[in-house]
Every structure is written in C-alpha cells, then in structure tokens.
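As a basis for the values below, the full set of heavy atoms in this structure was taken, side chains included, without hydrogen atoms, waters or symmetry mates. Each residue takes its place number in the sequence, starting with 1.
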Amino acid sequence: MAMMPKRVKYRKSQRAWRGGIATRGCEVSFGEYGIQCLENAWIKNTQVEAARVSVMRTTQGGGKLYIRIFTDKPVTKKPAETRMGKGKGMPDHWVCAVKRGTMLMELEGIPMELAREAFGVAAHKLPFRTRFVARRKF
C-alpha cells in the first residue's frame, strides 16, 4: 500500500528548501522507543514502507508501531530522452521532507533490545543517518 494522500489541492508542487532543524515532532510521544533522523532529506513512500515492513518482520508483529511521518509532497519527472522545455513533468512519486531531529517511527510493547534491533534493520532502508531514542523516564 502506497503512502500518499487521497486528494491534493495541487497536483504538482515546488521543490522547496530542505534546511533547518525540527522544532516539533522531535521527541518520543506515542511509544517507548523511536528512530530519529540526523540529516535533512526527502524520504520516498517506498522507503517508508520498506522500513515499516522490516520493523514488523523483526518484531514478528509484536508491539505497536507508530509512523510519525507522511509522504504528501509530489515529485515530478519528465520521460527519458525528452528535450528541454514543454512544461513540467507528470507526478512520479511522493516524498516527505524531513528535517534533522524528526522522529520517524515509534514502538511500544516490546523489550528495548528487540526495538533497537528492529530500528537498526529499518535504518538500512532509509537514505540518511538515524539514531535510536528511548523515552525519558521521570
């Protein structure tokens, strides 16, 4: 199942700026453990799905997984061997622009060692560096 919006106001969007540090969505809020990105990047819907599948396979369906990002930005592409001009290309895939510090996924209901292993496998599917984060206990 592809992560993409049901409807969008505009079919094509501009590329936008990718800098900065996340000020919101950067703490473990829903689960006990999380995976946090350490670089600014675009993450494709296929990469999010691959990470989700790898986490579920590693945990054998145990625990609850929260996905904190959503791919809602269309990226266009022109056909191969097409001359310059003639307007912008058709939407090709969907991405989510993540800033460094953004919490990507969270897990609860499983031991810490298993969560660390699951997020380690998921990190290999992602196009940037990540780190494992545990919720602070007060």
Quick one: side chain to side chain contact (heavy atoms under 4.5 Å, CB included) partners of E27, sequence neighbours excluded?
none
Expected output: side-chain [X] to main-chain [Y] donor-acceptor under 3.5 Å:
X: D72; Y: M4; result: no
X: K64; Y: F30; result: no
X: K78; Y: M90; result: no

With rounding to the nearest 0.5 Å, note down the distance linking [atom1] in [X] to [atom2] in [Y].
X: K44; Y: C96; atom1: NZ; atom2: SG; result: 14.5 Å
X: T130; Y: I35; atom1: OG1; atom2: CD1; result: 3.5 Å
X: Q47; Y: H93; atom1: CD; atom2: NE2; result: 8.5 Å
X: I43; Y: I69; atom1: CD1; atom2: CD1; result: 4.0 Å
X: L104; Y: Q36; atom1: CG; atom2: CD; result: 8.0 Å
X: K125; Y: S54; atom1: NZ; atom2: OG; result: 5.5 Å

When clusters are formed by joining ILVMFWY residues with side-chain heavy atoms under 4.5 Å apart, either directly or through shared neighbours, do [X] and [Y] land in the same one?
X: F119; Y: V48; answer: yes
X: M3; Y: L65; answer: yes
X: I67; Y: W94; answer: no
X: V53; Y: F70; answer: no
X: L126; Y: W42; answer: no

What closest approach, in Å, do [X] and [Y] show between heavy atoms, and which atom pair accounts for it?
X: A118; Y: L107; answer: CB-CD1, 4.3 Å
X: C26; Y: G101; answer: CB-O, 3.0 Å
X: G109; Y: E32; answer: N-OE2, 3.4 Å

E39 vs R100, test: salt bridge (Lys or Arg N to Asp or Glu O under 4.0 Å). Steps then yes/no.
CA-CA 5 Å; E39 298 171 18; R100 69 181 196 264; over 6 Å; no
For T76 and K12: C-alpha separation, side-chain torsions, deciding distance, then whether side chain to side chain contact (heavy atoms under 4.5 Å, CB included) applies.
CA-CA 7 Å; T76 60; K12 302 172 184 176; 3.8 Å; yes
How are the rings of Y33 and F132 set relative to one another: parallel (under 30°), tilted (30 to 60°) or perpendicular (over 60°)?
parallel
side-chain hydrogen bond (donor to acceptor under 3.5 Å, both in side chains): which pairs involve residues 101-119, sequence neighbours left out?
Y66-E108, R68-E106
Quick one: are F128 and L38 in side-chain contact, heavy atoms under 4.5 Å?
no
Which pairs count as salt bridge (Lys or Arg N to Asp or Glu O under 4.0 Å) when at least one residue sits in residues 84-93, sequence neighbours excluded?
none
Other residues, nucleotides, ligands: >12 heavy atoms within 6.0 Å of R18 CZ:
yes
